[in-house]
Undergrad: 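Questions regarding the structure given below will be posed in turn.
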2 protein chains.
Amino acid sequence: MPRKSRKLGPIRLTEVAKLAGVSPITASRFFRNPEALSVSKRERVESAAKELGYVPNLAARALASQRTEVIGVLIPSLTNNVFNDVLRGIYDASEGSRYTIQFVNTRYSILQEEKLLRLFQAQKPAGLIVTGINQTEESRAVMQAMNCPIVQIMETGPDPVDMMVGFSHYDAAFAAVSHLLQQGRKRIGFIGARMDPRVQRRLEGYRDAMKAASLFDPNLILTTPTPTAMTLGGTLLADLLAKAPDLDAVFCINDDLALGVLFECQRRGIAIPEKLAIIGFNDMEFMASAVPSLSSVRTNRYEMGRDAVTMLVEAVEGRRPAKPVVDLGFELMIRESSAPRNG
Amino acid sequence: MPRKSRKLGPIRLTEVAKLAGVSPITASRFFRNPEALSVSKRERVESAAKELGYVPNLAARALASQRTEVIGVLIPSLTNNVFNDVLRGIYDASEGSRYTIQFVNTRYSILQEEKLLRLFQAQKPAGLIVTGINQTEESRAVMQAMNCPIVQIMETGPDPVDMMVGFSHYDAAFAAVSHLLQQGRKRIGFIGARMDPRVQRRLEGYRDAMKAASLFDPNLILTTPTPTAMTLGGTLLADLLAKAPDLDAVFCINDDLALGVLFECQRRGIAIPEKLAIIGFNDMEFMASAVPSLSSVRTNRYEMGRDAVTMLVEAVEGRRPAKPVVDLGFELMIRESSAPRNG
DNA sequence: CCGCCAAAAGACAGCGCTACCATTTTCTTG
DNA sequence: CAAGAAAATGGTAGCGCTGTCTTTTGGCGG
């Protein structure tokens with residue numbers, strides 16, 4: 001006898017079935033597809049399960065059925081508040097479904113991402129959410145082999161692995177810079193930190209907008225691989241001002257930097273927007289309440305997370321979306337910090 | 001024959017064992033406790049596993065061993081940035097271990113918490129992290145029955161379910177208000193939102209500090225059950241000023257509200273700290289860079305998450321901590337916003 | 001009242017791994 | 001060098017559930 005005799009542990013499906021007077025397999029079906037049972041048996045199983053306080057053993061279910069009800073989520077950072085909103089959307093959407101979220105942090109490393117992807121592969125998740133479109137060849141191969149729906153989030157691009165929900169960072173940055181140009185600004189700086197692929201694309205948008213206006217000047221660009229932080233905004237503005245004292249606007253690749261820039265300006269007595277216009281990116285809540293209120297590019301982060309889960313759930317259940325790539329767009333939120341000079 | 005013949009799916013332990021020329025159970029041991037194998041077998045299993053690209057099937061492992069390597073985390077909110085930092089600590093600490101984090105959101109509802117706790121119970125987690133000390137009787141009973149180490153985080157209190165990592169919100173608030181009193185402030189307002197149990201305890205700390213100075217006045221207190229937000233800070237300040245026009249300081253239960261208050265003051269031309277002193281709570285990064293810089297109470301959120309996981313892992317492995325309740329304390333960060341009036 | 005068909009219920013084996021114990025091998029030591 | 005202890009390894013069964021197929025049941029027309 002290899003194991004101790006039956007311990008009195010948690011209630012098993014067999015016990016429920018016995019109490020309900022049905023076979024275990026019928027009880028099993030009750031939990032997966034109650035419609036398949038006759039009304040009488042359905043009620044009996046239901047009350048038996050309630051009476052015993054039965055909770056299915058997920059490990060056994062996963063082993064027997066060869067699949068799980070887990071949605072794997074790969075996100076590059078928890079420090080960056082942007083992903084906080086995305087996660088909120090993901091968790092909110094998952095609560096209505098029967099799927100569980102399993103979240104992992106790639107730390108902006110595509111090799112770490114590859115490793116984690118392999119780990120997920122072994123768990124046979126029901127679906128996968130990955131950030132961005134810059135996966136390694138190997139990662140793409142693993143994803144393709146996984147045989148589950150996959151959504152790439154945060155940006156759109158050509159050649160989706162499966163599905164996508166995002167927006168064009170290039171277009172968003174182009175629009176933000178174009179707005180500053182329309183306000184008559186000419187010496188528009190670019191302040192960027194961390195410089196992940198999406199930030200790189202924002203830089204391209206900035207560059208092309210400036211070139212289109214024949215105002216491009218590499219001295220107006222200041223970037224650092226350092227992770228973003230509010231204090232960094234102040235430091236970077238100081239450095240940029242040293243390189244380009246005639247700066248009359250800044251495009252910050254996120255709102256933390258923008259607020260840091262605002263504070264630095266207050267410290268130095270630089271009038272916003274008269275001397276310097278500021279525009280941020282993402283439109284976090286504080287942008288609207290700052291004094292002066294700060295312009296930004298609103299991105300639909302919560303919706304991205306939420307829609308990714310929705311698409312995944314639909315796809316798992318066989319209802320693949322009409323178009324696999326969803327562009328959630330962006331919106332310019334023009335506020336005091338980029339008002340016309342004489343406004 | 002109930003199933004199709006052996007499909008060519010993922011590599012199983014048996015395959016690895018065969019290639020290594022050992023029994024499956026020996027191969028199994030390699031993955032759980034390599035020390036138990038002789039060096040020669042260890043090397044053979046290792047290379048066989050690598051060659052075949054073996055990844056253990058976690059569902060089978062969980063089913064056979066009757067336990068998982070999951071740490072369940074119950075946290076009340078993803079919107080509140082405080083928990084972002086805690087989660088970071090949790091995830092960072094878990095990466096060094098073999099445990100996986102399974103996070104769920106209780107939405108500040110103790111009934112939801114109870115429900116989620118039951119769900120976790122069925123999954124037999126290796127450990128559990130729960131927020132706060134205000135669980136239902138039923139929840140406590142479930143936890144006690146779970147037979148796994150449990151850490152309550154975010155605050156300390158009497159009667160831990162098992163272990164605790166946190167600090168005294170009462171003491172922290174008391175200290176913050178005492179500081180304002182020492183600066184000669186007499187009409188110190190309290191601005192609070194959401195009013196979860198921990199915020200309630202901060203209110204008590206405020207109340208007792210004011211009473212001790214014989215300066216308590218209920219008109220100085222303004223709270224709302226609304227979730228916290230930066231704009232809310234401004235609104236609440238406006239309302240409080242209507243009730244108590246002679247206000248000379250505010251204690252905000254978090255930094256978002258404090259920044260909102262600062263912005264509202266800038267809008268109204270209220271001089272900080274001359275007319276009004278401000279102190280927040282948590283010491284988020286932006287507090288130091290604001291102009292004027294904002295005082296706050298530093299709390300060790302990241303460390304709380306990190307230490308909770310560390311304690312859990314230690315406990316699972318039989319090394320229970322010397323003292324089950326860890327007080328991480330707090331630190332008053334005094335900055336310009338609560339400097340003396342003539343400073 | 002029979003036969004037919006669809007729907008409902010059940011039988012059975014096995015998913016991939018590990019607990020438990022038995023057995024073999026290696027190491028100590030008088 | 002024998003004998004006992006300790007370490008390393010293996011055999012077997014089963015964790016709790018579900019996929020597949022088979023059997024039973026019930027409804028209905030003739």
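Residue numbering restarts at 1 for every chain, and letters A, B, ... go by the order of the sequence lines.
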Undergrad: Residues in side chain to side chain contact (heavy atoms under 4.5 Å, CB included) with B:L58, at least two apart?
TA: A:Q123, B:R61
Undergrad: Which whole-number value in Å describes the distance from B:F30 CZ to D:dA8 P?
TA: 15 Å
Undergrad: Considering only side-chain heavy atoms of A:L13, which listed nucleotide, C:dC17, C:dA19, D:dC17, is closest?
TA: D:dC17
Undergrad: Distance check needed: D:dG16 P versus A:E15 CD, whole Å only.
TA: 9 Å
Undergrad: Quick check on the 6.0 Å ring-centre criterion: do B:F103 and A:Y91 meet it?
TA: yes
Undergrad: When you check the phosphate oxygens OP1 and OP2 of C:dC17, does a side-chain N or O of B:S28 lie under 4.0 Å from one of them?
TA: no
Undergrad: At under 4.0 Å between heavy atoms, what does A:R67 touch on the DNA or RNA strands: base, sugar-phosphate, or nothing?
TA: sugar-phosphate
Undergrad: Each nucleotide in nucleotides 6-11 of chain C should get exactly one letter: B, S or -. Can you fill that in based on protein heavy atoms under 4.0 Å?
TA: --SBBB
Undergrad: Look at the side-chain N and O atoms of B:Q66 and state whether any lies under 4.0 Å from the OP1 or OP2 oxygen of D:dG14.
TA: no
Undergrad: So, does B:R44 get its side chain near the phosphate of D:dT9, meaning an N or O under 4.0 Å from OP1 or OP2?
TA: no
Undergrad: Specify whether B:Y108 and B:F83 have parallel, tilted or perpendicular ring planes, treating 30° as the upper limit for parallel and 60° as the lower limit for perpendicular.
TA: perpendicular
Undergrad: How close or far is atom C1' of C:dC17 from atom CG of A:N57, stated in whole angstroms?
TA: 14 Å
Undergrad: Please determine if a side-chain N or O atom of B:Y54 lies less than 4.0 Å away from the OP1 or OP2 oxygen of C:dG16.
TA: no
